[in-house]
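Bear in mind the structure is a predicted one, so any value in this text is a computation, not a measurement. Here is the naming used below: chain letters follow the sequence lines, and residue numbers restart at 1 for every chain.
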Amino acid sequence: MSWGFLRDLLTGVNKYSTGIGRIWVAVVFIFRLLVYIAVAENIWKYELDEFECNVKQPGCENVCFDHFFPVSHIRLWALQLIMVSTPSLLVVFHVAYRENREKHRNQKLYKSLGEIDGGLLCTYLISLVLKAGFEIVFLFLFYKLYNGFKVPRLVKCDIRPCPNTVDCYISKPTEKMIFIYFLVATSGLCIVLNLSELSYLIFKYSIKCYLKNYVKKHQ
Amino acid sequence: MDWGALHTILGGVNKHSTSIGKIWLTVLFIFRIMILVVAAERVWGDEQDDFVCNTLQPGCKNVCYDHFFPISHIRLWALQLIFVSTPALLVAMHVAYRRHEKKRQFRKGDQKCEYKDIDEIRKQRFHIEGTLWWTYTSSIFFRLVFEAVFMYAFYFMYDGFRMPRLMKCNAWPCPNTVDCFVSRPTEKTVFTIFMIAVSSICILLNVAELCYLLTKFFLRRSKKAGNPKHHPNHENKEETKQNEMNELISDSCQNTVIGFSS
């Protein structure tokens, strides 16, 4: 069980997406998942070992690290990727439910299983809202937990058992900051894609509804 | 999810590329991605652990390392490879869109019923002409831009492509100017020069492919400009014949489609 599962999930969802949805899947795969696995994981790999405080007091480094990094950047990043991909499961389940219904009743109930109309449209819109919502929540969490998206070189720590205020040095702060900005940029792009897909679908289907009613009135 | 997945995605684009494009893809996978994963990552694996400064001052090593390596070579290469591979996705999306349109036409029983079944549409290879030409050419252009930008970024950040053995550092909290020693400088220089050389080869391949596509485009245009002036009357007769043929085909196609669905 690893990232391959997420990849399979997203590939499955691709079939029932609009054009913008497919671009979103491509952005998540390549600029977020691939960058995370191939590049970012290695930067944070030894973050605790390389975290150094200017003191010999045993336990001080551990306590200070825990104070400044309650949840590591890389773990938040992974959680974000998982939470943001999960709403697509709603669409997959709905399509499976449709397939099941058609099989049980042995009759064609839907014009096409994967076409986004009626109930499936609602599910799809909800999944888009959830995706955008999760992205915003995680970005806000990142911002709140770490006081912005910067990674300082030096942090001052005076928690017991540290004897007084000690200087602690974070490893690779510039590289970490670059990749956090990269994460924020790709998250922002994904939010924009989700919101444009949402507006496009609402616009398209309201025009369709309006035209249907207009035609009915004039018949 | 790893480089293998990228290989699967780009492998699909390979079918619709020119020969130079196929060579570019091979060079990318064998001489860049494979070398990165199999060799370069090991060389840079212990870079911070074995970066040693001649001082016992805690924190000095961290700060000096961060000062000299704002972003590690290996990470820059990985980003470069990801960005350089991405424009090919534009082509993949365009091809997928064309296939989708053809499938829709086939299902509606359109008069241009050139295919026997949907599998043929799936396996069809599209020629690089029309709008696909523009997509393909823009993807090559973006590739070139990304390659150039990353090579410049490398040169700018590391003052050239050599890895020095010794760096002098006096960032706080280092007490004074300390000597810091990089691990495996010669091996890193060798791999850096290798990666830059392969990048340059990729740039040359992209430029060659761009020139080839432009030449083909202008040749096709001059042929088209030449033809219509010669046989105006003959073409009208040809057109009416073609229209009759199309009507016959559409009738027979509709019959076969109705046959399929029942």
Worksheet entry | Residues, nucleotides or ligands: over 12 heavy atoms within 6.0 Å of B:W134 CH2 | no
Worksheet entry | A:I170 versus chain B, the contacting section by heavy-atom distance below 4.5 Å | backbone
Discussion item. Rounded at 0.5 Å granularity, tell me how far CD1 in B:I82 sits from CG in A:L34.
Written reply: 4.0 Å
Worksheet item: A:C168 versus chain B, heavy atoms under 4.5 Å apart: side chain, backbone, both or neither?
Response: neither
Worksheet item: If you tally heavy-atom pairs under 4.5 Å against chain A, which of B:A78, B:C60, B:A96, B:P173 wins?
Response: B:P173
Practice prompt. Determine, step by step, whether B:Q57 and A:N54 satisfy the side chain to side chain contact (heavy atoms under 4.5 Å, CB included) criterion, reporting the C-alpha distance in whole Å, the side-chain angles of both residues, the deciding distance to 0.1 Å, and the verdict.
Written response: CA-CA 8 Å; B:Q57 169 64 47; A:N54 189 3; 3.2 Å; yes
Worksheet item: Is chain B contacted by the side chain of A:Y36, its backbone, both, or neither, given a heavy-atom distance below 4.5 Å?
Response: neither
Worksheet item: Should we say atom NZ of A:K150 is surrounded by more than 12 heavy atoms from elsewhere, each under 6.0 Å from it?
Response: no
Worksheet item: Hey, mind stepping through A:F179 and B:R75 against side chain to side chain contact (heavy atoms under 4.5 Å, CB included) and telling me if it holds?
Response: CA-CA 10 Å; A:F179 278 91; B:R75 249 77 67 182; 3.7 Å; yes
Worksheet item: Side chains of B:D49 and A:E50: does their closest heavy-atom pair fall under 4.5 Å?
Response: yes
Worksheet item: Between B:D66 and A:E175, which heavy-atom pair has the shortest distance, and what is it?
Response: OD1-N, 4.3 Å
Worksheet item: Quick one: are B:M93 and A:R22 in side-chain contact, heavy atoms under 4.5 Å?
Response: no
Worksheet item: Side chain, backbone, both or neither: which part of A:A26 has a non-hydrogen atom closer than 4.5 Å to chain B?
Response: side chain
Worksheet item: How are the rings of B:F83 and A:F182 set relative to one another: parallel (under 30°), tilted (30 to 60°) or perpendicular (over 60°)?
Response: perpendicular
Worksheet item: Side chain, backbone, both or neither: which part of A:N42 has a non-hydrogen atom closer than 4.5 Å to chain B?
Response: both
Practice prompt. For atom CG of B:L166, decide whether the heavy atoms of other residues, nucleotides or ligands shown that lie under 6.0 angstrom number more than 12.
Written response: yes
Worksheet entry | Atom CE of B:M34: over 12 foreign heavy atoms under 6.0 Å | no
Practice prompt. For B:F31, look at atom CZ and say whether over 12 heavy atoms of other residues, nucleotides or ligands are found less than 6.0 Å away.
Written response: no
Worksheet item: Of all of A:T174, A:V35, A:I23, A:I43, which one pairs up most often with chain B through heavy atoms under 4.5 Å apart?
Response: A:T174
Discussion item. Under 4.5 Å from any heavy atom of chain A, what part of B:L89 do you find: side chain, backbone, both or neither?
Written reply: side chain
Fill in: Enclosure of B:F181 CZ (heavy-atom neighbours >12, cutoff 6.0 Å)
yes
Worksheet entry | Enclosure of A:Y143 OH (heavy-atom neighbours >12, cutoff 6.0 Å) | no
Item to complete: Heavy-atom distances under 4.5 Å only: say whether B:S85 touches chain A with side chain, backbone, both or neither.
Response: neither
Worksheet item: Could you give the distance from CD (B:E47) to NZ (A:K172), rounded to the nearest 0.5 Å?
Response: 5.5 Å
Fill in: Shortest non-hydrogen contact between B:P58 and A:E52, atoms and distance
CA-OE2, 3.8 Å
Fill in: Flag if over 12 foreign heavy atoms under 6.0 Å of OH, B:Y97
no
